[in-house]
Amino acid sequence: MAYQHNPPATSRLAQSIVASCLAIGIILAVLVAGKTTSGPMQFHAFIVIAAFLIGIVAIFNLGGRINDEKHEPSPSGVFYNNGVIKYGIIASMFWGVVGFTVGDVLAWELAFPVLNFDLPWTNFGRLRPLHTSAVIFAFGGNVLIVTSFYVVQRTCKARLAGEIAPWFVFWGYQLFIVLAATGYVLGVTQSKEYAEPEWYVDIWLTIVWVTYLCVFLGTLWRRKEPHIYVANWFYLAFIVTVAILHLINNAAVPISFVEPKSYIIYAGVQDALIQWWYGHNAVGFFLTAGFLGIMYYFVPKRAERPIYSYRLSIIHFWSLIFLYIWAGPHHLHYTALPDWAQTLGMTFSIMLWMPSWGGMINGLMTLSGAWDKLRTDPVLKMLVVSIAFYGMSTFEGPLMSIKAVNGLSHYTDWTIGHVHSGALGWVAYVSFGALYCMTPWLWDRKGLYSLKLVNVHFWISTVGILLYICAMWVSGIMQGLMWRAYTELGFLEYSFVETVASMQPYFIIRAVGGLMFIIGSLVMVYNIWRTILGHSAEEATPENIDNAIAAQALGE
């Protein structure tokens, strides 16, 4: 008989404070809606009003309690806050499909420009940041938030700090995504790579992110385990560093508090340096450190093996966070940035080979004595392949930072192929693996609806990724060679239009590869949804029973 648990009460004072803050926000949004001359900002004001009203109603509907646990406590006796994690899994899948789909639409637009229908809302310049932000911040950000909430509770044997705060982080982050995405489509952007939202959206994200940091630190503070597991080190480094990057890179002065336009306080080459200090470290800490936290928890958990070398994981952590922060200038080779700064960025990028490959080796060697599991567990196979892509991407990145190589690769499709080998092969695959792991554990299922569908997802997506990155490698190198080809008289041999025309076959291959990746993600959505509903497509063979028992044991 299930033990009915009454979760900690949410104090009336906490409810009143949060509701009062939301009410003040509604008043400010009403003033902005009435005074602004910008249609998009007025639209955003109405979104904020609606969201904050729903938030106030939700807070007072709590009735003093958060009723998200109605099951037995964990073996450690802790009643974990699983409700917000469950919502996060669903949000991650939704935003993932949206981001992947927009990206593939853009790929087809590049192959056939007429597909933008000559509309401002479907223009490449507006949809491209929508795609990057949806994949990185909407899909990747939600995965990082929910996995960090899951991992920190289990490794600390402590419930998430706060009762309203974790939900505020989750729903506040969804509001940020909606404001940013609609802003891009409507033309509201400050045109900074990976930092396109305007000043008022940045302020809201800052509030949400500081709350996220407080929840994570509060959970670490109340831990029952004396030791802080290394995955939490990576999560904490990601949260703190992204906050610093965000604040410094987005320092801007709005022209008015009721208008969306603002001006960055930096100028010229200083602005470029700050931007790529931010841009590369967004990759380093958002897309690398945070997802390494996922690797260090879910790979050992799924393989039922301890991490290969805990000492190596600590060396990996400290060397990575020290070296990564200096690598940004390699994005500005052959520009107005001083040559010494370019060389510094290149040098630290090359040094990143060591910690990156140390982490890859640590992850792969965790499977020592358990390699046979790859034949029967496609989820573990997906996690391991993600580590392989991590190693490949972190070899290719430093290689491309070398000035001689960068002279060929910069501004070409080679860079696009590199980014997507990391984004699809490393970030997406380790995220998919984590989602596949958490779903049956959180919903108390014996296993996934179908491991065969996981295998289908893996192979369709892998073929899609290979089509994508190989097409971009070939087209990118060809592009660079065509740009630097000269005639006997010293004139450029090819016009820019000729180089663009020669790319079309590779653009089509890329779009097909992206479409296969989307199909794979839809298979995942179906599989996870059926798992949540409690369905099972696997036959009751001894092998499947053993797999179900193992999955159940991992989720305890």
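For the numbers below, each heavy atom of this structure counts, side chains included, while hydrogens, waters and symmetry mates do not.
Remark: the backbone N or O of Tyr334 is paired with a side-chain donor or acceptor of Gln342 at under 3.5 angstrom. Not a single donor-acceptor pair under 3.5 Å links the side chain of Ser262 to the backbone N or O of Val253. Of the possible donor and acceptor atoms, one in the side chain of Trp353 sits under 3.5 Å from a partner among the backbone N and O of Phe395. For the pair Glu493 (side chain) and Thr487 (backbone), a donor-acceptor distance under 3.5 Å is absent. A donor-acceptor contact shorter than 3.5 Å links the side chain of Glu498 to the backbone of Ser495.
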Listed pairs under 3.5 Å, donor-acceptor, residues 117-124 side chains, sequence neighbours left out:
unit_1 : atom_1 : unit_2 : atom_2 : d
Thr122 : OG1    : Asn116 : O      : 2.4
Thr122 : OG1    : Leu119 : O      : 3.4
Asn123 : OD1    : Gly125 : N      : 2.7

Please list, one pair per line, the donor and acceptor atoms closer than 3.5 Å that link side chains of residues 421-434 to other protein atoms, with sequence neighbours excluded.
unit_1 : atom_1 : unit_2 : atom_2 : d
Ser421 : OG     : Ser393 : OG     : 3.2
Ser421 : OG     : His418 : O      : 2.8
Trp426 : NE1    : Leu287 : O      : 3.0
Tyr429 : OH     : Phe458 : O      : 3.1
Tyr429 : OH     : Thr462 : N      : 2.9
Tyr429 : OH     : Thr462 : OG1    : 2.7
Ser431 : OG     : Val427 : O      : 2.6

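In this structure, Lys381 has no salt bridge (charged side-chain N to carboxylate O under 4.0 Å, His left out) partners at least two apart in sequence or on a different chain.
For the pair Val379/Met382, no side-chain contact is recorded, criterion being any heavy-atom separation below 4.5 Å from C-beta on. Side-chain atoms of Phe176 and Pro197, non-hydrogen and from C-beta on, do get closer than 4.5 Å to each other. Inter-residue side-chain proximity for Glu259 and Thr37 is flagged as met; some heavy-atom pair is nearer than 4.5 Å. A heavy-atom distance below 4.5 Å is not found between the side chains of Asp202 and Glu198. With contacts defined as side-chain heavy-atom distances shorter than 4.5 Å, the pair Leu292/Met295 qualifies. In this structure, Asn250 and Gln190 have side chains that are in contact, with non-hydrogen atoms separated by less than 4.5 Å. Put simply, the side chain of Leu451 does not reach to within 4.5 Å of the side chain of Asn455, judged on heavy atoms. Within the 4.5 Å cutoff, side-chain heavy atoms of Leu179 are placed close to those of Val48.
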Criterion side chain to side chain contact (heavy atoms under 4.5 Å, CB included) on Val269 and Thr335, from CA distance to verdict | CA-CA 9 Å; Val269 71; Thr335 67; 5.5 Å; no
Test log, rule side chain to side chain donor-acceptor pair (under 3.5 Å), inputs Thr241 and Tyr324 = CA-CA 11 Å; Thr241 309; Tyr324 232 120; over 6 Å; no
Can you list the steps and then say if Ile321 with Phe234 is a side chain to side chain contact (heavy atoms under 4.5 Å, CB included)?
-> CA-CA 9 Å; Ile321 66 167; Phe234 279 97; 5.7 Å; no
Could you walk me through whether Thr182 and His44 pass side chain to side chain contact (heavy atoms under 4.5 Å, CB included), step by step?
-> CA-CA 8 Å; Thr182 54; His44 280 171; 2.8 Å; yes
Side chain to side chain contact (heavy atoms under 4.5 Å, CB included) evaluation trace for Tyr506 with Met478 | CA-CA 11 Å; Tyr506 304 100; Met478 183 173 72; 3.4 Å; yes
Please test Tyr390 against Thr288 for side chain to side chain donor-acceptor pair (under 3.5 Å), starting from the C-alpha separation and ending with a verdict.
-> CA-CA 9 Å; Tyr390 170 65; Thr288 302; over 6 Å; no
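The six-membered or imidazole ring of Tyr278 lies away from that of His246, with a centre-to-centre distance of 6.0 Å or more. Centroid-to-centroid, the aromatic rings of Phe517 and Tyr468 stay 6.0 Å apart or farther. Separation of the Phe100 and His131 ring centroids does not fall under the 6.0 Å cut-off. Ring centroids of His331 and His280 are separated by less than 6.0 Å, placing the two rings close together. A centroid separation of 6.0 Å or more is found between the aromatic rings of Phe238 and Phe291. With ring centers used as reference points, Phe317 lies under 6.0 Å from Trp233. Aromatic pair Trp277/Trp326: ring centres not closer than 6.0 Å. When ring centroids are compared, Phe348 and His330 stay outside the 6.0 Å threshold.
Residue Phe257 places its CZ atom among 12 or fewer non-hydrogen atoms of other residues, nucleotides or ligands, all under 6.0 Å distant. Other residues, nucleotides and ligands contribute over 12 non-hydrogen atoms within 6.0 Å of the CH2 atom of Trp371. For Tyr263, the OH atom counts as loosely surrounded, since its 6.0 Å shell holds 12 or fewer non-hydrogen atoms of other residues, nucleotides or ligands. More than 12 non-hydrogen atoms from other residues, nucleotides or ligands lie less than 6.0 angstrom from OH of Tyr266.
Looking at every heavy atom in both residues, Leu337 comes nearest to Pro329 through CD2-CB, 3.8 Å. Across every non-hydrogen atom of Met516 and Gly464, the tightest pair is CB-CA, 3.9 Å. Smallest separation of non-hydrogen atoms from Arg126 and Val185: NH1-O, 2.8 Å.
Looking only at atom types and distance, the side chain of Tyr184 has a donor-acceptor partner in the side chain of Ser133 under 3.5 Å away. A donor and an acceptor atom, one from each side chain of Tyr235 and Thr147, are located under 3.5 Å apart. Asp413 and Ser475 are linked by a side-chain donor-acceptor pair at a separation below 3.5 angstrom, with hydrogens and angles left out of the test. Judged purely by distance below 3.5 Å, without hydrogens or angles, the side chains of Glu396 and Trp414 pair a donor atom with an acceptor atom. In this model, no donor atom of one side chain and acceptor atom of the other lie less than 3.5 Å apart for Ser191 and Glu196. With no hydrogens or angles considered, a side-chain donor-acceptor pair links Trp95 and Gln174 at under 3.5 Å.
Between Asn249 atom CG and Ile264 atom CD1 the span is 6.5 Å, to the nearest 0.5 Å. Atom OG1 of Thr189 and atom CG of Leu130 lie 11.5 Å apart (nearest 0.5 Å). Separating the CG atom in Leu213 from the CG atom in Leu236 is a distance of 7.0 Å, to the nearest 0.5 Å.
A salt bridge does not link Asp104 with Arg510: none of the charged nitrogens is closer than 4.0 Å to a carboxylate oxygen. Salt bridge Glu193/Arg128: present, at least one basic N to carboxylate O contact under 4.0 Å.
Screening Pro40, Pro254, Ser38 against Pro260 for a side-chain contact (heavy atoms from CB on, under 4.5 Å) leaves a single residue, Ser38. Of the listed residues (Val97, Ile528, Asn142), just one forms a side-chain contact (heavy atoms from CB on, under 4.5 Å) with Ser92, and that residue is Asn142.
Under the 30°/60° scheme for interplanar angles, the aromatic rings of Trp209 and Tyr212 are found to stand perpendicular.
Both the sub-6.0 Å distance and the 45° axial angle are not jointly satisfied by Lys192 relative to the ring of Tyr194.
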